[in-house]
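What follows is a single structure, written as structure tokens, with notes after it.
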Amino acid sequence: MQELLQYLFSGITNGAIYAVIAVGFALLFNATELINFAHGEFVMLGALGMVTLYNGLGLPLAAAFLLTTLGVSAVGFLFERFAIRTVKRPDAIVLVIITVGASIFLRGVAMLGWGKDAHSVAPFSDHPPLSIAGANLLPQSLWILTIVLGAVLGLHLFFTRSLTGKAMLASAISRRAAWLVGIPTGRMVQLAFVLSAAMGAVAGVIIAPITMCSYDMGTLLGLKGFCAAMLGGLGSLWGGVLGGFLLGVLEALGVGFLSSSLKDAIAFVLLLLILYIRPAGLLGARKVQRF
Amino acid sequence: MVARFLRRNWAYLVFLGGVGVTGCLVQNAYYFQVLTFIGINTLLALGLNLLMGYAGQISLGHAAFYGIGAYTTAVLTTTWGLSPGLALPCALAIAALVALVVGLPTLKLSGYYLGMGTLGFGMIVHILLREWTEVTGGASGFIGIPPLQFGPIAFTDPRAYFYLVWATVLLSFILSHRLIRSRVGRALRSIHDSEHAARAVGVDTQRLKLQVFIFSAILAALGGFFYAHLINFISPDSFNFLVSVRMVTMVVIGGMASVWGALLGACLLTLLPEWLHAFSDFEMLVYGLILMLVMILLPQGLTRGLLDAYERSRKNPS
């Protein structure tokens, strides 16, 4: 019982991180039908941003968080402006290779900027771990859950309450129709890139204290966030959240009760299963056009 | 008769001449290794090109078959003491079998979903290679793979190995060309343009896609076989997700739907990192930048881009 609870705690913590990454994928896929293989690198930049601003320069938590997110969003903006918009023939495969190129480029930049060594970041607060029914809950886990739920709730309100959010949804549903009613669809795509990068940065910021941060940490995180997005339903905000938490918990249980060496395989086995059984994902539309 | 043969096959003759002259001129063992790598990568790119360029099916997990080829021969020749000549058909058969089992459900998907399905498969194989320590040697790799020997003929000399690999490349080129020009090839291209239309005129698209998938898996395993016996040491990292991505990149940069594009892509992407070593720390940065720039400026790949530029210059001679 106590063991199970401990696994659940760590699963939910990791799941929250996968959830924000998945939401970043979903945001972009909704707006542009693009899968960004550089998304994991935004997470990495977020974590390394905290290494410099929070640990290195000793800025207050909120300021470091804000600056990091803004910086990574700016990278997302530049990426859209210079790499995606300038493509002559935006085929899916061409765009995918460009995002792969961008991910290698960003990893190269990070290697130059932060070196090849792994860095660590202090937790956001130094409370002792809470003990719940014999299982330990790190305060950082609470930070992570709060920030993730806040970010997702904020996005949800943005899409349902604000005019810009509704315009973004409209251009995701039909870009041409949205353009006809006067929505600047080009700017909506740009905004989607910025928001998606910001979500990646948030994931990086909150994961920084519980993992080693290095220039190559993004790839696996990005792929797992992607599995989570597929699991919940690519293109659905809450689907991404559900997929993230589900993946985190299943991974933790798998590590606890099966074998820790197969931890990384669980995400991909789930990915294959969901593709074969229900390609739309758990919360996606029932009938999916398989292109 | 002779003139017609020359006109039809000039590309092959240039290819043969190029390989022959290179093999005679080069003396340095390191250069031979790089040139052999290009040949191995050409095998990989060729198979994937048939799948992506002709059948229009993307695979982001092809390094798995490359790895299956390499690890099968490693285990059979080193652990079990089989001769490489016996290990080769086993490696190809296992890759074909895995491709059949994986392809059956996966190829029902298409577009992004197919890409993701193959990605998942590739990751699972990579993790298996890393974690199945008793058989594969785990993360630290598999050492002591014997050099290649078919019966009495040993390929320990780098030049002999170079010729062997490139002869195989030539053979698979001829095979692929025949395949593309045949009825099967036309059916494949019809899948690329519209799978529904292809099915409407009676093409068994599921079966064809599966066959091409298996063929490309066999070519990848062949590449893996040569790779393992060339450097005598393999580790899971040589077959990870980034290697799959590099294979796709070779195909796309070289130019899809052109067999020679696979050769060009393999040449460039094998040589590029070698040249970029001069940049040392800037290597990754420059590599990523080149990848992005080529795709932004020449989205159809270099082969098509160069041909277009050539045709333009012929139309307006300035």
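Fair warning: this is a prediction, and the values are worked out from it, not measured in the lab. Order of the sequence lines sets the chain letters (A, B, ...), proteins ahead of strands, with each chain counted from 1.
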Worksheet item: Checking heavy atoms, do the side chain of Leu223(A), its backbone, both or neither come under 4.5 Å from chain B?
Response: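 Contact with chain B involves the side chain of Leu223(A) alone.
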Item to complete: Side chain from CB out, backbone as N, CA, C, O: work out which of these in Leu220(A) comes under 4.5 Å of a heavy atom of chain B, or both, or neither.
Response: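 Contact with chain B is through the side chain of Leu220(A) alone.
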Nearest atoms (heavy-atom pairs only) where [X] meets [Y]:
X	Y	value
Phe268(A)	Gly120(B)	CB-O, 3.8 Å
Arg107(A)	Leu242(B)	NH1-CD1, 3.6 Å
Val102(B)	Tyr276(A)	O-OH, 4.1 Å

Practice prompt. Give the intermediate values and the outcome of side-chain contact (heavy atoms from CB on, under 4.5 Å) for residues Ile104(A) and Val245(B).
Written response: CA-CA 11 Å; Ile104(A) 298 173; Val245(B) 167; 5.8 Å; no
Residue, of [options], that accumulates the most heavy atom pairs under 4.5 Å with chain B:
options	result
Val100(A), Val109(A), Leu112(A)	Leu112(A)
Cys227(A), Ser103(A), Ala267(A), Ala102(A)	Ala102(A)
Leu95(A), Val96(A), Ile274(A), Ile35(A)	Ile35(A)

Discussion item. Sort by residue number and list every residue of residues 72-85 of chain A having at least one heavy atom under 4.5 Å from chain B.
Written reply: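 At a heavy-atom separation under 4.5 Å, chain B is reached by Phe82(A), Ala83(A).
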Worksheet item: Hey, does Asp264(A) have a side-chain heavy atom less than 4.5 Å from the side chain of Arg130(B)?
Response: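 Yes. Closest side-chain heavy atoms under 4.5 Å.
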Discussion item. Could you tell me if the side chain of Phe37(A) sits less than 4.5 Å from the side chain of Leu119(B), heavy atoms only?
Written reply: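 Counting from C-beta outward, Leu119(B) and Phe37(A) do come under 4.5 Å.
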Any chance you could measure [X], atom [atom1], to [Y], atom [atom2], to the nearest 0.5 Å?
X	Y	atom1	atom2	value
Thr106(B)	Leu275(A)	OG1	CG	8.0 Å
Met284(B)	Leu106(A)	CE	CG	10.0 Å
Met123(B)	Lys224(A)	CE	NZ	8.5 Å

Discussion item. Using only non-hydrogen atoms and a strict under-4.5 angstrom cutoff, which residues of residues 288-298 of chain B touch chain A?
Written reply: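 From residues 288-298 of chain B, the residues near chain A are Gly288(B), Leu289(B), Leu291(B), Met292(B), Met295(B), Ile296(B), Leu297(B).
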Worksheet item: Side chain, backbone, both or neither: which part of Leu114(B) has an atom under 4.5 Å from a heavy atom of chain A?
Response: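 Contact with chain A is absent: no heavy atom of Leu114(B) under 4.5 Å.
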